[in-house]
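Below is one structure, written out as structure tokens, with a few remarks after it.
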Amino acid sequence: MSAAIIDGKAFAARLRARIGEEVAAFRAAEGVTPGLAVVLVGEDPASQVYVRNKGKACAAAGIEGFEHRLDADTSEEALLALVARLNSDPAVHGILVQLPLPPQIDPGRVLEAIAPEKDVDGFHISNVGRLNTGQPGLVPCTPLGCLMLLRDRLGDLSGAEAVVVGRSNIVGKPMAQLLLRDNATVTIAHSRSRDLAAICRRAEILVAAVGRPGMITGDWLRPGATVMDVGINRVTEPETGTTRLEGDVEFESAAAVAGAITPVPGGVGPMTIACLLANTLSAACRAQGRAVPAGLTA
Ligand code: GUN
């Protein structure tokens with residue numbers, strides 16, 4: 001292995017400590033505590049773990065967490081009524097409705113009902129438009145975390161050849177927009193791209209966000225590339241039946257070619273919650289007419 005390992009866990013821990021300090025300063029100056037409402041509909045086990053972790057992270061940073069757990073058979077109208085209440089609650093600066101939602105609820109309608117200034121996921125069409133037109137707004141947490149790691153590792157991204165594999169609204173598309181805003185030359189590749197390996201080989205920065213374990217191998221990489229592996233895939237070993245997490249990148253072969261790479265777990269993953277806290281503080285600052293502290297937004 002020759003690649004440097006990008007320690008997202010350590011970076012996220014430093015960022016969370018910094019956010020804690022900024023939250024304390026905000027509370028002292030404004031007499032207001034930043035608040036994040038997290039809404040969970042149903043009992044999806046993975047979502048329950050995420051929501052619990054978000055609650056703990058808020059508490060550690062001095063942010064007030066408001067948890068709303070609704071039954072799996074909750075109607076769309078009932079969820080929209082809760083979102084409307086949270087939109088008008090001055091103690092709530094950020095609102096996150098955990099996805100996926102049960103089938104009777106249209107996620108698009110719910111996400112569009114969240115007040116854009118409280119949309120800490122950055123999924124509202126208004127925040128998507130702001131990102132794409134270079135206006136300040138709330139940016140999706142995982143791509144924001146990737147950008148912070150890339151800037152920390154590489155400094156100025158101007159002119160860099162960047163390839164984003166995956167075109168989801170949550171990661172691929174916003175990631176490409178953020179890289180473009182930092183003046184990288186950006187290609188978005190996806191499952192229908194012709195000769196994906198050849199496209200990846202052009203990349204000085206490769207962001208993998210496809211959700212397929214080990215799909216990108218070392219022979220797809222340009223030597224020295226910086227590889228951000230956003231995939232978190234649960235893989236069951238056929239021999240032992242044990243499960244483990246694997247990224248979209250085959251780590252061993254990639255680390256032999258890349259200049260730097262994020263591991264899974266411990267790479268991009270921990271940045272998502274740290275950036276959720278950053279977005280909540282940003283939303284609270286804007287609500288109070290305060291400047292957002294440097295380094296917490298794109
Ligand atoms: N479910 C899995 N990841 C996410 C996320 O980033 N935001 C929301 N709202 N739901 C999720």
Side-chain angles (χ1 to χ4, degrees), residues 8 12 15-16 35-58 63 65-70 72 74 76 79-80 82-83 86-87 92-103 105-128 131 137-149 166-175 177-178 207-211 228-234 245 247-248 264-265 267-280 282-283 298:
L15 180 58
R16 283 170 59 165
L36 172 65
V38 177
V39 181
L40 174 62
V41 186
E43 267 116 48
D44 179 60
S47 293
Q48 286 182 328
V49 173
Y50 290 139
V51 167
R52 202 176 320 124
N53 289 341
K54 283 165 188 167
K56 281 190 207 157
C58 280
I63 292 172
F66 303 97
E67 215 174 278
H68 295 268
R69 289 173 180 262
L70 306 180
T74 297
E76 187 175 285
L79 179 54
L80 290 171
L82 171 60
V83 168
L86 297 172
N87 280 345
V92 172
H93 302 96
I95 301 170
L96 181 146
V97 178
Q98 185 70 26
L99 302 175
L101 288 166
I105 300 176
D106 174 359
R109 275 197 76 191
V110 174
L111 296 179
E112 293 315 305
I114 296 171
E117 66 275 14
K118 296 190 179 187
D119 167 40
V120 284
D121 262 326
F123 295 163
H124 191 284
I125 199 81
S126 161
N127 282 315
V128 175
L131 174 60
L138 289 161
V139 174
C141 301
T142 301
L144 178 58
C146 270
L147 184 77
M148 288 182 185
L149 292 177
R167 53 176 158 176
S168 71
N169 293 330
I170 295 178
V171 181
K173 285 182 215 163
M175 185 76 246
Q177 286 293 342
L178 287 171
V207 181
V210 281
M228 311 299 293
D229 190 351
V230 181
I232 302 178
N233 308 291
R234 200 166 285 282
L245 293 181
D248 292 344
V264 176
V268 175
M271 292 300 290
T272 300
I273 274 194
C275 287
L276 176 64
L277 302 178
N279 276 351
T280 303
S282 298

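Nothing fancy with the numbering, it's 1 onward along the sequence. Just follow the structure's listing: the first ligand is 1, and inside any ligand the first atom is 1. It should be emphasised that the depicted structure is a prediction, and the values quoted were computed from it without experimental measurement.
Looking at Leu245 and Asn233, their side chains never come closer than 4.5 Å, going by heavy atoms from C-beta outward. Side-chain contact between Thr272 and Cys141 is present, with heavy atoms from C-beta onward closer than 4.5 Å.
Atom NZ in Lys118 sits 11.0 Å away from atom CG in Leu36 (nearest 0.5 Å).
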What are the atom names and distances for all N or O pairs under 3.5 Å between ligand 1 and the protein?
unit_1   : atom_1 : unit_2 : atom_2 : d
ligand 1 : 1 (N)  : Gln98  : NE2    : 3.1
ligand 1 : 1 (N)  : Leu99  : O      : 2.9
ligand 1 : 7 (N)  : Asp121 : OD1    : 3.0
ligand 1 : 7 (N)  : Asp121 : OD2    : 3.4
ligand 1 : 9 (N)  : Val97  : O      : 2.8
ligand 1 : 9 (N)  : Asp121 : OD2    : 2.6
ligand 1 : 10 (N) : Leu99  : N      : 3.0

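None of Gln48, Lys54, His68, Arg69 except one satisfies the side chain to side chain donor-acceptor pair (under 3.5 Å) rule with Gln98; the exception is Lys54.
Listed by chain and residue number, nothing satisfies the side-chain hydrogen bond (donor to acceptor under 3.5 Å, both in side chains) test with Asp121 (two or more places apart in sequence, or in another chain).
Counting non-hydrogen atoms of other residues, nucleotides and ligands closer than 6.0 Å to CZ of Arg109 gives a total of 12 or fewer.
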